[in-house]
Amino acid sequence: MTCVLDLAVNVGQMRFAVVSQTFIVPQGSRNAASFTGGKLPVFVLMENDHGVSAFDMSGRKTTLAEIEKLCPGVCAGFASSRGGASRD
């Protein structure tokens, strides 16, 4: 799985970011080649005074270790993004 951490957003005293899976689909024929791609959200990271929580897109709570296993580096990226965009 190829993952990206979207921009973290501050809402009041909370901070949110979405972890998305990216994909590329090659298509072709004898005469032409093309590619399509996209991005699908897979996890939401939420930080408040009690720490960081994580949820999959069905709302099931998950651990940061599970996310890190599938998407190496995104948890560290979230931790280092403090002071991101504000939506107070």
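In what follows, every heavy atom counts, from backbone to side chain, and hydrogens, waters and symmetry copies are set aside. Predicted model only: the values in this text are computed from it and were never measured.
Put simply, the side chain of Glu66 does not reach to within 4.5 Å of the side chain of Phe43, judged on heavy atoms. A 4.5 Å side-chain heavy-atom check between Ile67 and Val42 finds every atom pair outside the cut-off. Taking 4.5 Å as the limit, every side-chain heavy atom of Leu70 sits out of range of all side-chain heavy atoms of Val19. Taking the side chain as every heavy atom from C-beta outward, Met57 and Leu40 never approach each other to under 4.5 Å.
Between Phe23 and Lys39, the shortest heavy-atom contact is CE2-N, 3.8 Å. In terms of heavy atoms, Ser80 sits closest to Gly77 at OG-O, 3.1 Å. Across Ala17 and Ala8, no two heavy atoms sit closer than the pair CB-CA, 4.0 Å. In terms of heavy-atom proximity, Phe16 sits nearest to Phe78 at C-CE1, 4.1 Å.
For the residue pair Asp56 and Ser58, a side-chain donor N or O sits within less than 3.5 Å of a side-chain acceptor on the partner.
Note: the hydrophobic cluster containing Phe55 also contains Val11 (ILVMFWY, side chain heavy atoms under 4.5 Å, direct or indirect links). The hydrophobic cluster containing Val9 also contains Met14, counting ILVMFWY residues as joined when their side-chain heavy atoms lie under 4.5 angstrom apart, directly or transitively.
Remark: Ser81 OG to Glu47 CD distance equals 8.0 Å, nearest 0.5 Å. Note that the CD atom of Gln27 and the OG1 atom of Thr36 stand 4.5 Å from one another [nearest 0.5 Å].
No donor-acceptor pair closer than 3.5 Å links the side chain of Gln21 to the backbone N or O of Pro41.
Sorted by first and then second residue, the disulfide bond (SG atoms under 2.5 Å apart) pairs with a member in residues 21-76 read Cys3-Cys71; sequence neighbours excluded.
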